[in-house]
Amino acid sequence: MEASRQGGTSRAEGIARPGLWGLRVTPVAFGVTLGVMAVALEVLFTVRPPSAYGVCIACHGRDLLGWVTNRLAGTSLELAEVSLTFPLLTVVGVLVGAAIAALRNGELRWHQPEQPLPSFLWGFLAMNFALLAAGCSIRLLLRAAHGEALGLAAFGAMAGGIGVATTLMKWRALR
Amino acid sequence: MTLAAAATLLGGMLLGYLGQRSRMCFVGAIRDWLLVRDASLLKGLVAFGLTAWLAYPVLSLLVGEGEGLPFLSLGDLAWGTALVAVIAGMGLGVVSTLANGCPFRQHVRAGQGSTSSLAYLLGFYLGALAFYLLLYPVLARLL
C-alpha cells in the first residue's frame with residue numbers, strides 16, 4: 001500500500017517535471033561525468049598535490065575533518081597539501097547534492113535505522129582501510145587511470161575483497 | 001576560500017545529485033555482477049575508469065603539461081607499502097560489501113535521509129580520527 005502510493009507519487013512527479021531535474025541518470029552517464037570531473041578538478045582547478053586527488057570521498061573527508069579538528073583543538077593531524085590553507089569540500093557537496101536530488105524527486109525521507117551499530121562499525125573500518133590503501137573505491141580506480149601500479153593493485157584487491165564477502169554472504173544465505 | 005575548495009564543493013554537489021539519480025555505487029557494481037551477473041552498475045564503473053584514463057592525457061595537453069604520463073608506473077615502490085595497500089584494499093572491499101555500499105554511496109544515502117548511512121558516516125569520520133591518533137603512530141614505527 002505504502003509502496004504503491006510512493007510509486008504513484010514519483011510517477012506523477014516524473015510527468016510533472018521533465019527535463020534535467022527529473023532525469024533518470026544512467027550509471028554510464030554518471031561514470032563519464034565523474035571521470036571528466038575528477039581529472040578536470042585536478043588539472044584545471046588545482047586540486048593537487050598529491051596527484052590523482054580530484055575526487056576521493058575518504059581522503060577529502062579526512063582533510064575536512066582534520067582541518068576543522070586542527071583549528072578547534074590545536075591538534076596537528078596530517079592533511080593533504082592541497083587542503084592545508086582551506087579544506088576540500090567534496091563530501092559536503094555530495095551530501096547537499098544528494099539531498100537536493102532526493103527532495104526534487106520526492107525521495108527524501110527519514111528511514112528508521114535498520115542496523116545502526118553494524119553500520120557504524122563498517123564505516124569505522126572502511127575509513128581505516130581506505131586511509132591505509134590511500135583512497136576510497138573512486139580514488140583507487142582514479143590512481144590506476146593515472147598510471148599508478150599500486151592504485152591498480154589496491155583496486156584489484158578491493159574487487160577480490162568484494163568477491164570474498166559476496167561468496168560468504170551467498171554461502172550464509174544458502175545454509 | 002581557495003579555487004580548489006570552491007571547485008570541489010560545486011563538483012561534489014553535481015556528483016551527489018547525479019549519484020542520487022543513478023544510484024551509482026562502486027562496490028555494488030562489482031557485487032551485483034558477481035552475485036546476479038547484473039552489469040548495469042559495472043558499466044558505470046568501467047566508463048569512469050576509461051574516461052579518466054583518456055581525460056588525463058587530453059586535459060594535460062590542453063593546459064600545456066604535455067610531458068606524457070607513464071603507461072603504468074611503479075614509482076619508488078617499497079614492498080611494505082605495496083603489501084599494506086593490497087591488504088587494506090581487500091579489507092575495504094569486504095567491509096564495503098557488508099555495509100551495502102561504497103563510501104560515496106553511503107554519503108548519497110545519508111543525504112536522502114537514511115539513518116543507517118548516517119550511523120555509517122559517524123563511524124567513518126570517527127574512524128579517521130582513530131586512524132591518526134592510534135593506528136598511524138604504531139604503523140609508522142613498524143614500517
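In what follows, chains are A, B, ... by sequence order, proteins preceding strands, each numbered from 1.
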Checklist entry - With a 4.5 angstrom heavy-atom cut-off, which part of Leu92(B) approaches chain A: side chain, backbone, both or neither? => result both
Next on the checklist: To the nearest 0.5 Å, what is the distance between CD on Gln112(B) and CG on Asn105(A)?
Outcome noted: 10.0 Å
Checklist entry - What residue, out of Pro87(A), Gly66(A), Ala102(A), has the most heavy-atom pairs lying under 4.5 Å from chain B? => result Ala102(A)
Item to check | chain A contact via Leu14(B) - side chain, backbone, both or neither, heavy atoms under 4.5 Å | outcome: side chain
Item to check | Which of Leu44(A), Ile162(A), Thr46(A), Val36(A) touches chain B most, by non-hydrogen pairs under 4.5 Å | outcome: Ile162(A)
Next on the checklist: Using a 4.5 angstrom heavy-atom cutoff, name the option from Ser117(B), Gly49(B), Gly93(B) with the most pairs to chain A.
Outcome noted: Gly93(B)
Checklist outcome for this item: Residues at least two apart in sequence or cross-chain that pass ring-ring contact (aromatic ring centres under 6.0 Å, His included) with Phe131(B), listed by chain then number, are Tyr136(B)
Checklist entry - Could you give the distance from OG1 (Thr26(A)) to CZ (Arg21(B)), rounded to the nearest 0.5 Å? => result 12.5 Å
Item to check | Region of Leu118(B) in contact with chain A, defined by heavy-atom distances below 4.5 Å | outcome: side chain
Checklist outcome for this item: Between the CG atom in Leu140(A) and the SG atom in Cys102(B), the distance rounded to the nearest 0.5 Å is 11.0 Å
Checklist entry - Do you know which of Leu35(B), Leu41(B), Val63(B) has the most heavy-atom pairs with chain A at a distance under 4.5 angstrom? => result Leu35(B)
Checklist entry - Do Tyr132(B) and Thr75(A) come within less than 4.5 Å of each other through their side chains, counting heavy atoms only? => result no
Item to check | Within 6.0 Å of CZ in Arg37(B), more than 12 heavy atoms from elsewhere | outcome: yes
Item to check | Any side-chain donor near an acceptor of the partner, Arg62(A) and Tyr125(B), under 3.5 Å | outcome: no
Item to check | By ring-ring contact (aromatic ring centres under 6.0 Å, His included) - contacts of Phe104(B) (at least two apart) | outcome: Phe30(A)
Checklist entry - Contact part of Val86(B) toward chain A, heavy-atom cut-off under 4.5 Å: side chain, backbone, both or neither? => result both
Checklist entry - Of all of Leu54(B), Leu10(B), Thr8(B), which one pairs up most often with chain A through heavy atoms under 4.5 Å apart? => result Thr8(B)
